Amino acid sequence: MAIIAALAPPSLANQNKLPSFSSKIPVRMPTTLVFLQMCSNFQEVRQVHAQLVVSGLLDRPPNAGRLLQSYVTVSQIYHASSVFDRISCPDVFAYNNMIRGLILGKCPNNSLLLYNKLLLDGLKPDNYTYTFVLKACSQLSAIFEGRQVHCRIVKAGTAIDTHVHSSLIHMYSSSMDSLVCAEQVLAGFPEENTLAKNSLISGYLSQGEVEKAREMFDNMLEKDDASWSAMIAGYTKNGMSAEALGLFQKMMMISEVSPNEATLVSSLSACAHLGALDQGKWIHAYADKIGAKISVTLGTALIDMYAKCGSIEHGYEVFKKMPHKDLVAWGVIISGFAIHGQAEKCFELFDDMVANGTYPNEIIFVAILSACSHAGYVEMGYQYFYQMVHEYGIRPSIEHYGCMVDLLGRAGRLAEAEELIMSLPEKPNSVIWGALLGACRMHNDLRRGNLAFKHLTELGPMSGDRYKLAGLMFAKAGEKETATKIRKLIRENDLETTRGLSFIEIDGVVHDFEAGTINHSKYNEIYKMWGEGLIDF
DNA sequence: GTAGGGTTAG
C-alpha cells in the first residue's frame with residue numbers, strides 16, 4: 001500500500017494546469033493520475049478512485065475515462081461499468097475500454113451492443129474499437145456482424161493496423177465457411193504480419209486444416225513464440241501429439257525464440273497423451289531452470305502429465321506446492337487419483353476442496369463417480385450422486401448416468417443398472433448401452449446383453465469395438481452362431497477394431513506396441529533377446 | 001491514453 005500512503009492531498013487539483021510557455025515541455029500530470037496508472041489491483045484503484053472524487057478531478061471526462069480503464073485492467077467490470085454510466089458524453093476512448101471490459105467479463109454480446117451505441121452517438125470508431133469488436137465477433141462466431149464491421153472499415157477508408165488486420169483474420173477463421181475470407185484478408189495486406197499469420201495458423205488448426213497451417217508456418221519469415229505455440233497446441237488438439245512434441249524439440253534446438261508458458265503447457269499436454277514421462281519431466285526441469293513461476297495453468301498441466309504418465313506421486317507433489325488452486329487443478333488431481341484407482345484419496349481430496357471453499361461442478365462428480373466405479377464402491381457412488389443433485393443442485397448429465405450404469409454393471413448389479421436406464425429422463429446414448437453391454441459380457445448376462453446390443457445397433461453405425469465386445473459375449477455364453485455372424489459382419493464391413501496399445505519410453509523416444517501385431521522397427525532384435533531369455537513378454 | 005497470438009479435468 002506504499003502508493004496510497006504517498007498519495008498527495010486533494011489540493012493537487014490545482015496542478016492540472018497546462019504550461020503555457022512551451023508545448024515541448026511534457027505535460028505535468030496530477031500525481032493522483034500518475035498513481036492511477038501505477039495501480040495493479042482492485043484495492044489500489046478503489047482508493048485512487050476515492051481520491052479522484054475528493055479532489056474533483058473526476059469531474060473532468062478524460063479522467064473518468066482513465067479511471068474506467070484502470071478498473072478494466074484489474075478486471076472489475078462491474079465497477080468499470082458504473083463509472084461508464086456516469087460519463088454523460090463518453091468519448092471513443094471510454095467506449096473502447098468499456099467494450100474491452102465487457103469482453104474480459106465474458107459478455108461479448110454486450111460489447112457488440114455498446115459498439116452500436118457508439119455509432120448511434122455519432123462517434124467514429126478507431127482501430128482499437130475495431131480490434132475489440134472483432135474479437136467479440138470471433139468469440140460469438142458472429143461472422144455476419146463481423147462482416148458488417150469489415151464493410152464499415154472498408155467504406156470509411158480507415159487505414160487499418162496489424163492488430164485490426166489480425167483480428168479480421170481471427171474473426172473469419174472462427175467458422176469453416178468463412179476460412180477462405182480469412183485467406184483473402186491476409187493476401188490483401190502486403191507487408192509481412194506475424195500477428196495476422198499466427199491468427200490464420202490457429203484458424204486453420206481450429207478447423208482441422210493441419211497441413212495448411214504447417215505450410216504457412218514453414219513459410220513464415222519471422223516466427224515468434226506465439227507461432228510455435230499455436231502450431232504445437234494445434235497438433236495436440238488435432239490428436240497429433242507425437243508431431244507436437246517433435247516440433248517442441250525442434251523449437252528448443254533451432255529456434256531463437258524461447259518457449260513461453262503456453263508452449264510448455266501444450267507440450268505437457270502432448271506428453272500426457274503419449275505417456276512420455278521423461279519428456280514431461282524434462283519440461284518440468286526446464287521450467288524450473290528458467291525460473292518460470294509455476295502458475296495455476298502450468299501446475300495443472302504438470303499434474304495432468306504426471307497422472308497420465310503413471311506417476312501420480314509426482315503430480316501430487318506439484319499439487320501440494322501450488323499456492324493457489326482453482327477448480328480445474330482440483331479436477332485434475334481428483335481424476336488423476338481416479339485413474340490410478342485410489343478412490344479413498346479422491347474422497348479425501350473432494351472434502352479438502354469443499355473445505356477450501358471451491359464449489360464442485362459436474363466434471364468433478366464425473367471423476368468421483370468413475371473412481372467409485374473402478375473401485376467397486378456402489379454405495380459411495382449412490383451417496384455422491386445424491387449429494388450432487390440435492391446438495392449442489394447439479395442436474396445429472398448423460399455422463400453421470402453412464403458412470404452409474406458402469407458402477408452398477410461392474411458390481412454385477414445388472415437389474416439395478418437396467419432399471420436406472422429405463423428411468424432416465426433422456427434417451428440413453430451409446431455410452432450407456434455400451435457400459436451395460438460391457439458389464440453383461442463380464443457377468444454373462446445374455447438377456448440384457450442382447451437388449452443393449454439391439455439398442456446399440458439401432459442407435460446408428462456402431463464401432464468395430466462394440467461388435468467385437470458383443471461377439472465375445474455371445475461366444476462366452478455359448479451362442480456360437482451369433483458370435484460367428486458378428487465376426488463375419490466385422491470382416492465383411494471392414495470395421496476397424498482398436499487394439500490395446502502400450503507405450504514405453506527409452507532415452508526419450510516413445511515406442512508403441514499394439515497387441516497382437518509385430519510392427520516395430522527393432523522387432524528382430526527384441527525377438528532375439530526374448531529367445532535368449534534376456535527379456536520377458 | 002487502450003490491443004494479442006497459445007493452455008489444463010470426464
Side-chain angles (χ1 to χ4, degrees), chain A residues 27 29 33 36-37 62-63 65-70 72-73 91-101 103-104 126-135 138 161-167 169-170 173 193-203 205-206 223-237 244 259-270 272 295-305 307-308 315 326-339 360-371 373 397-400 402-403 406 431:
Chain A
V27 176
M29 261 223 229
L33 291 178
L36 186 61
Q37 288 185 335
N63 294 346
R66 289 186 176 101
L67 177 65
L68 162 65
Q69 180 198 7
S70 297
V72 170
T73 45
D91 61 0
V92 177
F93 179 80
Y95 267 110
N96 289 350
N97 277 295
M98 198 61 238
I99 290 172
R100 181 177 151 239
I103 294 170
L104 281 174
D126 60 13
N127 277 336
Y128 286 98
T129 326
Y130 292 133
T131 305
F132 301 142
V133 172
L134 288 167
K135 184 169 181 182
S138 308
D161 60 11
T162 53
H163 292 278
V164 179
H165 186 219
S166 134
S167 302
I169 293 169
H170 194 68
S173 54
N193 181 356
T194 306
L195 216 61
K197 287 196 174 174
N198 287 347
S199 289
L200 192 53
I201 287 175
S202 44
L205 290 163
S206 68
K223 298 191 220 343
D224 63 4
D225 55 342
S227 322
W228 288 93
S229 175
M231 201 61 225
I232 292 169
Y235 270 140
T236 313
K237 262 195 200 155
N260 57 23
E261 190 183 274
T263 321
L264 299 180
V265 171
S266 312
S267 306
L268 284 168
S269 167
S295 66
V296 189
T297 316
L298 187 55
T300 306
L302 280 169
I303 300 166
D304 187 47
M305 180 278 294
K308 297 233 172 88
D326 66 0
L327 186 61
V328 183
W330 285 103
V332 173
I333 194 71
I334 293 176
S335 7
F337 278 109
I339 295 169
N361 68 356
E362 66 282 359
I363 299 173
I364 301 284
F365 281 102
V366 171
I368 290 277
L369 292 176
S370 74
S373 161
S397 71
I398 196 90
E399 278 88 0
H400 298 115
C403 289
D406 193 44
V431 178

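All of these numbers come straight from a predicted model, not from anything done at the bench. Each chain gets a letter, A, B and so on, in the order its sequence line appears, and its residues count up from 1. Scope of the values below: all heavy atoms of this structure, side chains included, with no hydrogens, waters or symmetry mates.
The side chain of Leu327(A) has dA9(B) as its nearest neighbour among dA9(B), dT2(B), dG6(B). With distances taken from any side-chain atom of Asn97(A) to the nucleotides dG6(B), dA3(B), dT2(B), the minimum falls on dT2(B). Out of dG6(B), dA9(B), dA3(B), the shortest distance to the side chain of Thr131(A) is found at dA3(B). Comparing dT8(B), dA3(B), dA9(B) by their closest approach to the side chain of Val265(A) singles out dT8(B). For Asp161(A), whose side chain is taken as the heavy atoms from C-beta onward, the closest listed nucleotide among dG6(B), dG1(B), dA3(B) is dA3(B). Of the candidate nucleotides dG6(B), dA9(B), dG10(B), dG10(B) has the atom nearest to the side chain of Val366(A).
With rounding to whole Å, His400(A) atom NE2 is found 16 Å from dA9(B) atom P. Taking atom CZ of residue Arg100(A) and atom P of nucleotide dT2(B), one finds them 10 Å apart after rounding to whole Å. In this entry the distance linking CD1 of Ile339(A) with P of dA9(B) reads 10 Å, nearest Å. If you measure from atom CD of Glu399(A) to atom P of dG10(B), you get 12 Å, rounded to the nearest angstrom. Atoms OH (Tyr128(A)) and C1' (dA3(B)) sit 6 Å apart, rounded to a whole Å. At whole-Å resolution of the value, CG in Asp91(A) and P in dT2(B) are 13 Å apart. To the nearest angstrom, C1' of dT2(B) lies 16 Å from OH of Tyr95(A). One can place CG of Asp304(A) at 9 Å from P of dT8(B), the figure rounded to the nearest angstrom.
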Side chain to side chain contact (heavy atoms under 4.5 Å, CB included) evaluation trace for Val328(A) with Val296(A) = CA-CA 9 Å; Val328(A) 183; Val296(A) 189; over 6 Å; no
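Among the atoms of the strands shown, none is found under 4.0 Å from any heavy atom of Lys197(A). Using a 4.0 Å heavy-atom criterion, one finds that Asn127(A) contacts no nucleic acid atom at all. The residue Leu298(A) sits apart from the nucleic acid: no heavy atom pair falls under 4.0 Å. Within the nucleic acid shown, Asp326(A) has no heavy atom closer than 4.0 Å to any nucleic acid atom. Using a 4.0 Å heavy-atom cutoff across all strands shown, Phe132(A) reaches at least one base atom of the nucleic acid. Using a 4.0 Å heavy-atom distance criterion, Lys308(A) is classed as a sugar-phosphate-only contact. Here Ser266(A) lies in heavy-atom contact (under 4.0 Å) with sugar-phosphate atoms only. Across all strands shown, Thr263(A) has no heavy atoms under 4.0 Å from either base or sugar-phosphate atoms. Ala233(A) comes within contact range of the sugar-phosphate backbone alone, with a heavy-atom separation under 4.0 Å but no base atom that close.
Put simply, the side chain of His400(A) gets close to the backbone of Glu362(A): a donor and an acceptor are under 3.5 Å apart.
A side-chain contact (heavy atoms from CB on, under 4.5 Å) with Leu268(A) holds for exactly one of Thr300(A), Asp304(A), Leu302(A); it is Leu302(A).
Applying the side-chain hydrogen bond (donor to acceptor under 3.5 Å, both in side chains) criterion to Asn260(A), with sequence neighbours excluded, gives Asp225(A), Thr263(A). Residues satisfying the side-chain hydrogen bond (donor to acceptor under 3.5 Å, both in side chains) test with Thr129(A), not counting sequence neighbours, are Asn96(A), Asp126(A).
One finds a side-chain N or O of Ser202(A) lying less than 4.0 angstrom from the OP1 or OP2 phosphate oxygen of dG6(B).
Ser266(A) and Thr236(A) share no donor-acceptor pair across their side chains, judged by distance under 3.5 Å alone.
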